[in-house]
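Small disclaimer: the values here were computed from a predicted structure and weren't measured. First the proteins, then the strands, lettered A, B, ... as listed; each starts at 1.
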Number of protein chains: 2
Amino acid sequence: MFSALAHPTRRALLARLADGPASVTELAAPFAVSLPAISKHISVLEQAGLLQRTQSGRVHTCALDAAPLRDAADFVQRYQVFWTQTLDALAAYAEATAPEPESD
Amino acid sequence: MFSALAHPTRRALLARLADGPASVTELAAPFAVSLPAISKHISVLEQAGLLQRTQSGRVHTCALDAAPLRDAADFVQRYQVFWTQTLDALAAYAEATAPEPESD
DNA sequence: AAATCATTTAACGAGTTGGTTAAACGTTAT
DNA sequence: ATAACGTTTAACCAACTCGTTAAATGATTT
């Protein structure tokens, strides 16, 4: 999943699909690589569950499926406190997760 | 960045660091791989900016730096609308491409 | 039926990743 | 000074990634 997102071409493909479904050739058009290369990228995205294929005739139409990205969002947001809060809040968070008997 | 997150061991290291800084040996302890392997993972995280190293004596203390994760969060959240509206969008698209009169 | 089109598969090569063990490096302790 | 410790570097290997070109597949058009 994260490795599917790790390649810039694949992120660009997702961005393109955010504007609507497209065929493999349409998806490949903006890129300077061969069609088989794009085909492989699409397979990677499909296997990561980020892309759904619908074959109608000889045209494979690809559509974005962002559902798995929710997991990535969940993962990343667990760390949100570490970049949004101040050091005080960070300390509070540390204390909340690993309570330390300080007094009382 | 995404490729740094792509390896489960590295995500586990980040999770561990979320509880506070730790030395390389401490970080390596829970894993069944050799110390050099962990050392490399730490280097990858460090190069991705997710980890800061402080050498004091012969001990390298590693601390989480979640700031770069903000970029990942930004990326992922651009797609949030696609998984919050997924059911409607998918239904509409399915109906448009393969019209299946199920209810009228 | 033959040609063309959209796409994938096959086979290959260069470079990277993720692991290993052995050795090196610098720090601390005896 | 010597030994032990924490960590990295070196050298190596197997497996994977990302790209290529050439051929195959299957659908459509002529």
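- Phosphate contact (OP1/OP2 of D/dG19, side-chain N/O of A/S34, threshold under 4.0 Å): absent.
- Of all non-hydrogen atoms in B/E26 and B/P30, the two that sit nearest each other are O-CD, 3.6 Å.
- For B/K40 against D/dT9, no side-chain N or O and base N or O form a donor-acceptor pair under 3.5 Å.
- For the pair A/V44 and B/I38, both in contact range of DNA chain D, the more 5′-proximal nearest nucleotide belongs to B/I38.
- Between A/L27 and the choices A/R16, A/H60, A/H41, the side-chain contact (heavy atoms from CB on, under 4.5 Å) rule is met once, by A/R16.
- Atoms CG (A/L35) and C1' (D/dA24) sit 14 Å apart, rounded to a whole Å.
- The two residues B/W83 and A/A66 make their nearest non-hydrogen contact at CE3-O, 3.5 Å.
- Comparing atom distances between the B/H7 side chain and each of C/dG19, D/dG19, C/dT20 picks out C/dG19 as nearest.
- If you take CD of B/Q55 and C1' of D/dC5, they are 13 Å apart, rounded to a whole angstrom.
- Between B/D65 and A/Y79 the shortest side-chain heavy-atom distance does not fall below 4.5 Å.
- Residue A/P36 has its side chain nearest to D/dA22 when only C/dG18, D/dG6, D/dA22 are considered.
- Counting non-hydrogen atoms under 4.0 angstrom, B/S23 reaches the backbone sugars and phosphates but no base.
- Rounded to an integer number of Å, the gap from CG of A/L5 to C1' of D/dC18 is 17 Å.
- Look at A/H41 and you won't find any side-chain N or O under 4.0 angstrom from OP1 or OP2 of D/dT17.
- Within the 4.0 Å cut-off from OP1 or OP2 of D/dA4, not a single side-chain nitrogen or oxygen of B/R58 is found.
- Rounded to whole angstrom, the span from the CG atom of B/L13 across to the P atom of C/dG18 amounts to 12 Å.
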